[in-house]
Amino acid sequence: MNRDKNVDKNTIGMMGMPICFVCNGLTTLDVKCTTCQQLVEDYGRVVDYYGDYAPYIEVEDAQMIDGYPETNKADECVHLSYCPVCQSVMEMTLNQTEM
């Protein structure tokens, strides 16, 4: 088997896998509050608040228990956001993109 030495082994495993750009720090959340129209802060995945070890659950498994049955099929990630101005809390669904 002939391998290209310049290809990272971790990159090979991620090719074609949908990821959340916000979770992975590739982009920031740029969403306005539905109540006061100020920018909200991202507080991460909703499923991360389910328990002490929730942040360590594999993404595919988390999508099965996040309370939104369609997120796994649709490659979506549900995030919690908070508005520091009016203190509103919102759940929002973000689309994942294939790498």
Side-chain angles (χ1 to χ4, degrees):
M1 182 174 192
N2 192 5
R3 290 189 178 175
D4 183 356
K5 293 179 182 177
N6 296 326
V7 177
D8 182 77
K9 290 178 185 175
N10 294 325
T11 304
I12 293 171
M14 290 189 58
M15 289 181 184
M17 184 175 128
I19 66 166
C20 175
F21 277 29
V22 175
C23 284
N24 288 283
L26 299 172
T27 189
T28 57
L29 193 63
D30 189 24
V31 176
K32 292 186 178 180
C33 176
T34 55
T35 305
C36 71
Q37 302 305 310
Q38 298 300 312
L39 285 177
V40 297
E41 297 174 359
D42 176 41
Y43 272 45
R45 299 182 310 162
V46 168
V47 73
D48 288 350
Y49 292 91
Y50 283 6
D52 292 342
Y53 295 100
Y56 305 105
I57 297 172
E58 292 292 327
V59 172
E60 294 82 15
D61 295 335
Q63 289 174 324
M64 300 294 276
I65 62 169
D66 65 6
Y68 298 88
E70 67 281 353
T71 57
N72 190 32
K73 294 178 208 157
D75 292 328
E76 296 172 332
C77 188
V78 182
H79 278 246
L80 189 66
S81 64
Y82 172 75
C83 178
V85 176
C86 71
Q87 300 179 345
S88 294
V89 176
M90 300 183 308
E91 290 182 5
M92 61 186 61
T93 303
L94 305 176
N95 291 323
Q96 295 179 334
T97 306
E98 280 193 22
M99 285 294 288

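What you are looking at is a predicted structure, and each value in this text was computed from that prediction instead of being measured. Sequential numbering from 1 along the given sequence is applied to the chain's residues. Hydrogens, waters and symmetry mates are skipped; everything else that's a heavy atom, side chains included, is used.
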Please name all residues satisfying ring-ring contact (aromatic ring centres under 6.0 Å, His included) with F21, sequence neighbours left out, ordered by chain then number.
-> none
CD/Q96 to CD/E76 distance, rounded to the nearest 0.5 angstrom?
-> 8.5 Å
Is the closest side-chain heavy-atom distance between L39 and K32 below 4.5 Å?
-> yes
Kindly determine whether C23 and H79 satisfy side-chain contact (heavy atoms from CB on, under 4.5 Å), including the steps that lead there.
-> CA-CA 9 Å; C23 284; H79 278 246; 3.3 Å; yes
Look at the side-chain heavy atoms of Ile, Leu, Val, Met, Phe, Trp and Tyr, link any pair under 4.5 Å apart, and say whether V22 and V78 land in one connected group.
-> no
Would you check if V89 and S81 make a side-chain contact, meaning some heavy-atom pair closer than 4.5 Å?
-> no
Quick one: CG on D42 to CG on D30, what's the gap to the nearest 0.5 Å?
-> 12.0 Å
Rounded to the nearest 0.5 angstrom, the CG-CG distance for L94 and L29 is 6.0 Å
Between atom CZ of R45 and atom SG of C20, what is the distance when rounded to the nearest 0.5 Å?
-> 9.0 Å
For the atom pair SG (C36) and CD (Q87), what is the distance rounded to the nearest 0.5 Å?
-> 10.5 Å
Is any side-chain heavy atom of T97 less than 4.5 Å from a side-chain heavy atom of I19?
-> no
Measure the CE-OG1 distance between M92 and T34 for me, rounded to the nearest 0.5 Å.
-> 8.5 Å
hydrophobic_cluster_shared for Y43 and V46, side chain cutoff 4.5 Å | yes
T35 meets the side-chain hydrogen bond (donor to acceptor under 3.5 Å, both in side chains) criterion, sequence neighbours left out, with S88
Cluster link Y82 to L80, ILVMFWY, side chain under 4.5 Å | yes
